[in-house]
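To keep things clear, I will list the structure first and then write my remarks on it.
What you are looking at is a predicted structure, and each value in this text was computed from that prediction instead of being measured.
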Protein chains: 2
Amino acid sequence: MLKIDAHTHILPKKMPNWSEKFGYGDFIYLQHHKKGFAKMMRGNQFFREIKENCWDARVRIEEYEHFNTKVQVVCTIPVMFSYWAKPLDCLDLSRFLNDHLVDLVKTFPKNYVGLGTVPMQDADLAIEELHRIKKEGLAGIQIGSNINDENLSESKFYSIFEACATLGLAVMVHPWNMMGEKQMQRYWLPWLVGMPAETARAVCSLIFGGIFERLPHLRVMFAHAGGSFLPTLGRIQHGFDCRPDLVAIDNPVNPKSYLGKFWIDSVTHDPLLLEYVLKLQGSKRVMLGSDYPFPLGDLEIGRFIEDMHLPPNVKEDIYCNAAAEWLQLTKEQFEK
Amino acid sequence: MLKIDAHTHILPKKMPNWSEKFGYGDFIYLQHHKKGFAKMMRGNQFFREIKENCWDARVRIEEYEHFNTKVQVVCTIPVMFSYWAKPLDCLDLSRFLNDHLVDLVKTFPKNYVGLGTVPMQDADLAIEELHRIKKEGLAGIQIGSNINDENLSESKFYSIFEACATLGLAVMVHPWNMMGEKQMQRYWLPWLVGMPAETARAVCSLIFGGIFERLPHLRVMFAHAGGSFLPTLGRIQHGFDCRPDLVAIDNPVNPKSYLGKFWIDSVTHDPLLLEYVLKLQGSKRVMLGSDYPFPLGDLEIGRFIEDMHLPPNVKEDIYCNAAAEWLQLTKEQFEK
């Protein structure tokens with residue numbers, strides 16, 4: 001059965017030193033300090049060590065073939081978004097990353113699907129880049145759960161979503177710039193608590209801001225099974241019902257009615273929660289995802305799903321049908 | 001069947017004007033602007049309108065008898081905590097609120113159980129008040145999910161938890177001072193997204209900080225079914241497993257092993273999620289709760305639980321056994 005991993009990250013092996021090039025800012029650069037490893041540095045601060053499976057397309061293919069995965073949907077690492085930079089510089093950086101993805105997808109059309117990045121801080125430049133990556137063969141974009149602390153419901157972002165809908169580009173929303181990050185540095189809590197909350201914030205913003213309502217053809221997926229959105233939807237729906245004066249101010253449609261209208265991945269590390277989200281979303285809106293190649297990801301790429309007693313058609317939806325629909329691709333194009 | 005509602009809020013009808021009394025700060029005061037209603041004001045800012053069921057013990061009893069509830073566990077509203085105030089002033093305010101609860105519990109011993117509030121910003125004063133309320137007959141305390149943005153894992157709070165364990169006082173953790181509040185004012189998101197995240201932050205802090213490990217007899221409950229903690233426990237456990245260098249720094253015991261060692265309430269607005277948390281926690285650690293009398297609460301006090309097909313012993317656990325164990329009370333004391 002074809003398996004498409006809908007949530008993975010990749011970087012080019014080599015990048016310009018953006019801070020030097022632009023003359024400001026703590027942009028990310030890579031220090032290849034030993035064979036097969038590199039340090040991601042943010043300014044002078046060590047951010048994370050990565051391995052060659054973060055940049056080497058062939059190493060990756062070998063690794064994920066072990067888990068019977070044929071295709072990876074790839075996008076950059078959210079820390080690369082650089083929405084805080086000057087818009088033209090962010091466009092420059094985005095184009096560099098996108099060109100790398102375009103190249104990758106052209107070289108390995110049966111193994112990779114690319115989601116680009118765009119300067120969300122400037123809608124005109126973002127839309128310009130959307131047109132370009134569409135022509136170049138990327139399937140969509142990845143964006144942050146907030147844009148420099150502004151929510152996706154802000155009207156300044158609407159034209160970007162509209163362009164995605166018009167161009168037929170898929171959108172993946174990934175948590176980053178986590179709420180509460182400064183106040184909970186210990187125990188990795190920005191990743192363990194902040195990220196799920198960020199994703200819930202993003203889903204709520206797109207629902208309550210009326211984006212989904214105004215753009216019914218926009219195809220959006222939320223990382224990590226939608227974060228804490230689905231399991232707290234009872235509370236969110238009840239908030240909508242009891243205080244419409246606070247919640248239903250921009251869109252009168254109740255949040256539960258958007259179930260099954262967006263996609264999520266399977267990154268739950270929890271079969272019980274996967275069952276829960278399948279009940280809410282339906283299997284056509286839940287996609288195999290791993291967050292590969294990072295340790296917090298599901299690096300056995302859905303082995304826990306194999307072990308669940310799901311009907312074959314549900315598994316097929318999760319492994320490939322849901323992703324094919326989200327990306328508007330045919331399964332045949334990945335076959336040998 | 002005896003029903004104890006483990007999560008409700010109450011205020012005294014009349015309170016001093018604390019800002020005038022202390023000469024600083026935006027303390028809460030009540031404006032009784034029309035019969036049966038009052039405005040909670042924070043400084044000059046309108047915070048929330050409340051009804052007489054927020055302060056009138058008899059009106060409350062009548063209301064919750066409609067839902068076959070016999071007992072309410074009552075505590076103040078988190079905005080009253082005033083942890084930001086000068087410690088002695090916060091003690092003064094806390095004593096006033098606690099005396100009101102002591103009075104209420106003495107007048108209606110079959111209908112109310114009281115959880116006090118203490119100045120968490122000063123451990124010595126907090127412990128002094130813990131001893132006093134224990135003598136006066138309160139069953140425990142309610143505390144915030146963070147204390148002025150500091151996490152419950154901070155060593156300065158440990159002696160307070162230790163005193164609760166020694167005195168046999170129950171602890172309820174309620175979300176407040178929500179992460180991301182300023183950045184997501186629209187759509188009530190601090191309540192709908194921030195609060196569940198806050199509670200997850202608090203559970204994680206007590207687990208990873210080793211508080212539960214060092215104080216196995218401490219009895220803690222988390223509001224709103226533990227917020228987003230339980231449904232994101234797969235991720236949290238995986239974070240612990242893959243990056244012990246970040247997560248297991250103060251306590252080597254894995255987070256899943258604390259399942260069933262703390263209590264949660266049933267405020268999910270979602271039978272599917274209640275089933276999920278029951279599977280993780282067991283019915284002896286899930287208590288009927290409502291968040292009465294606020295609109296975001298379950299104001300039908302567990303009617304959705306009645307409609308679920310749960311075995312009678314599970315319902316009995318949820319309705320009263322779990323709360324009796326948490327509070328160390330006997331069910332008999334509430335019988336006529």
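Neither the backbone nor the side chain of Leu299(B) comes within contact range of chain A; no heavy atom of the residue lies under 4.5 Å from a heavy atom of that chain. Interface residue Leu296(B): backbone and side-chain heavy atoms are both found under 4.5 Å from chain A. Proximity to chain A (any heavy atom under 4.5 Å) is restricted, for Met195(B), to the side chain, taken from C-beta onward. Of the two parts of Thr232(B), only the side chain, counted from C-beta on, holds a non-hydrogen atom closer than 4.5 Å to a non-hydrogen atom of chain A. With a 4.5 Å cut-off on non-hydrogen atoms, Lys279(B) touches chain A through its side chain but not through its backbone. When heavy atoms are compared at a cutoff of 4.5 Å, Leu189(B) approaches chain A solely by way of its side chain, counted from C-beta outward.
When side chains are defined from C-beta on, Val193(A) counts as touching Cys204(B), because their heavy atoms get closer than 4.5 Å. Counting heavy atoms from C-beta outward, Arg186(B) and Ile249(A) have side chains that approach closer than 4.5 Å.
No more than 12 heavy-atom neighbours from other residues, nucleotides or ligands sit within 6.0 angstrom of NZ on Lys51(A). The environment of NE2 in His66(A) is sparse: at most 12 heavy-atom neighbours from other residues, nucleotides or ligands sit within 6.0 Å.
Of the listed residues (Ala248(B), Ser205(B), Pro271(B), Cys242(B)), the greatest number of heavy-atom pairs within a distance under 4.5 Å of chain A belongs to Cys242(B). Of the listed residues Met179(A), Arg235(A), Gln183(A), Arg243(A), the one with more heavy-atom pairs under 4.5 angstrom with chain B than any other is Arg235(A). The choice from Gly227(B), Ala225(B), Ser153(B) that makes the most heavy-atom pairs within less than 4.5 Å of chain A is Ser153(B). Note on Asp270(B), Asp245(B), Leu273(B), Val267(B): by heavy-atom pairs under 4.5 Å with chain A, the leading option is Leu273(B). Heavy-atom pairs under 4.5 Å with chain A were tallied for Glu150(B), Glu198(B), His224(B), Glu181(B); the largest tally goes to His224(B).
For the atom pair CG (Leu233(B)) and CG (Leu272(A)), the distance works out to 10.5 Å, reported to the nearest 0.5 Å. The CG atom of Leu192(B) sits 10.5 Å away from atom CD of Gln237(A), with the distance rounded to the nearest 0.5 Å.
Checked against Tyr187(A) for a side-chain hydrogen bond (donor to acceptor under 3.5 Å, both in side chains), the options Asp250(B), Asn151(B), Asn251(B) give a single hit: Asp250(B).
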